[in-house]
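Below is one structure, written out as structure tokens; comments come after it.
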Amino acid sequence: MTERDFVLNGDFEYPESGVVAWKAPSNIALVKYWGKKPNQIPANPSISFTLDACATTTSIEFSKLSEKSNTFSFDLFFEGKPKEDFKPKINTFFERIEKYVPFLKEYHFTIKTSNSFPHSSGIASSASGMAALALCLMTIEKRINPSLEDSYFKKKASFLSRLGSGSACRSIQGDLIQWGNYDAISESSNLLGVKYPFKVHPVFKNYHDTILLVHKGQKTVSSTVGHDLMHNHPFAKQRFAQAHLNLDRLKTIFEEGNLDNFVEVVESEALTLHAMMMTSLPYFMLMKPNTLEIINRIWEFRQKSKTHVCFTLDAGANVHVLYPESEKQEVFQFIQDELVVFCENGHYICDRIGNGAKEMRIKNNN
Ligand code: PMV
């Protein structure tokens, strides 16, 4: 598919008003996206587990303006309160997607959004937030054009959310999503996330992700800046090639269920992501001392217990602890006994691999 396939064309009658709502999950990359080209095109393909508990719920009430506006007209409420400082990000998102959803300036929108995870937990809400918003806009598009097919709906939601935040395009569906051109998956695309099409061993069903909140404050360097620093990065070329090789390795791993190899690819990807940060110019570090403490404890415990617990990191200090359902009890006990002490205020979130976003039914009072 090309960008042109996502432009809404035709003579439609616009509904006067309505309300739509979606709950979209976060996701955790196994092979990381780090580095991009213009228009949120990834420099390398990535793959992620869709999460379940960490999610954003967004509703949009829309009412038709008496005449088309020159600017985007919307109010934004975050956890029940007006949130002016989120508005510029949404405005930029609307600017980027306007040519694909030409009805944006026909309406006034009241956007209400909230996260299932605590605010300022250091968990990025941009993926789940942009996915929920894009899905709401797609439901409005479907009200305008009821002939829209479900598969196109999901593709376009992923396409639009990518323009808000790259990794958001992996938060529409579950449970394993691939994004970015990758030779082995013919339907893969730089424009949107697709469901991983090959065999996945049952050991990966119900995989757990316990997120240890090591540092709940703002990140010192945003992912936008981090992605940019991959331009002229001395190791960029090797890193982008490595992502393809790790996807190749994962294909066999998913098929055979070899957890030792899974651990190796996933941890190597996490450390490579942070190594890229540490070797860019300017260099920076998002891991904290407790991130390293946790990693070392995981390595010690894995050796001792012969389990397959492993870690991954996103662009921050928090640690995602991954483990299969069959090792749940032993690993969770270890987390409580040895790792929770390294979390800020002892906080952590129990999550697991999930099935993607869900539409929420809310009463239409209009
Ligand atoms: O979607 P962004 O621009 O916030 O970038 C996310 C990058 C990582 O979380 C570090 C990796 C990934 O693939 O999700």
Side-chain angles (χ1 to χ4, degrees), residues 24-51 54 56 86 89 92-93 96 115 117 121-134 158-172 176-182 188 190-194 196 209 211 215 218-231 233 236 239-240 242-244 246-247 250 265-278 280 284-287 291 311-320 322 351 353:
S26 188
N27 69 77
I28 181 70
L30 305 171
V31 171
K32 308 287 178 180
Y33 148 61
W34 198 242
K36 63 179 163 186
K37 301 174 194 168
N39 292 330
Q40 308 272 91
I41 297 299
N44 66 263
S46 57
I47 193 163
S48 54
F49 277 155
T50 304
L51 295 180
C54 287
T56 300
F86 278 8
K89 201 167 178 191
T92 307
F93 176 53
R96 288 187 193 159
N115 292 333
F117 42 92
S121 57
I123 303 240
S125 58
S126 55
S128 52
M130 287 298 170
L133 193 55
S158 177
F159 171 84
L160 294 178
S161 61
R162 185 196 99 248
L163 293 168
S165 168
S167 58
C169 76
R170 300 187 312 236
S171 272
I172 305 295
L176 203 46
I177 302 293
Q178 198 273 342
W179 168 41
N181 290 345
Y182 169 55
S188 68
N190 279 340
L191 302 180
L192 49 94
V194 296
Y196 180 74
D209 179 1
I211 308 164
H215 180 71
Q218 267 310 94
K219 284 189 292 192
T220 45
V221 180
S222 71
S223 31
T224 310
V225 172
H227 285 294
D228 266 354
L229 292 173
M230 287 305 281
H231 294 294
H233 190 292
R239 159 60 198 152
F240 300 147
Q242 180 200 39
H244 288 261
N246 279 340
L247 278 169
L250 274 184
V265 171
V266 168
E267 292 190 346
S268 161
E269 274 289 322
L271 294 178
T272 301
L273 169 71
H274 284 258
M276 290 299 112
M277 300 173 192
M278 288 189 253
S280 61
F284 61 104
M285 201 187 288
L286 295 179
M287 290 190 284
T291 312
F311 70 88
T312 188
L313 307 164
D314 56 18
N318 297 332
V319 182
H320 290 248
L322 304 179
D351 210 338
I353 191 166

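Atoms within each ligand, like the ligands themselves, are counted from 1 in listed order.
A cation-pi arrangement, defined by a distance under 6.0 Å to the six-membered ring centre and an angle within 45 degrees of its axis, is absent between Arg96 and Phe93.
Asp209 places no side-chain N or O within 3.5 Å of a backbone atom of His320 that could act as its donor or acceptor partner. No side-chain donor-acceptor contact under 3.5 Å links His215 to the backbone of Met287. Within the 3.5 Å criterion, the main-chain N or O of Leu229 finds no donor-acceptor partner in the side chain of Ser280.
In this structure, the side chain to side chain contact (heavy atoms under 4.5 Å, CB included) partners of Met285, at least two apart in sequence or on a different chain, are Met278.
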Are there any N/O pairs under 3.5 Å between ligand 1 and the protein, and if so, what are their distances?
| residue | atom | partner | partner atom | Å |
| --- | --- | --- | --- | --- |
| ligand 1 | 1 (O) | Ser165 | OG | 3.2 |
| ligand 1 | 1 (O) | Ser167 | N | 2.9 |
| ligand 1 | 1 (O) | Ser167 | OG | 2.6 |
| ligand 1 | 3 (O) | His227 | NE2 | 3.1 |
| ligand 1 | 4 (O) | Ser223 | OG | 3.1 |
| ligand 1 | 5 (O) | His227 | NE2 | 3.0 |
| ligand 1 | 13 (O) | Tyr33 | N | 2.9 |
| ligand 1 | 13 (O) | Arg170 | NH1 | 3.0 |
| ligand 1 | 13 (O) | Arg170 | NH2 | 3.2 |
| ligand 1 | 14 (O) | Arg170 | NH2 | 2.7 |

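Listed here is the closest heavy atom pair of Ser161 and Ala131: CB-CA, 3.8 Å.
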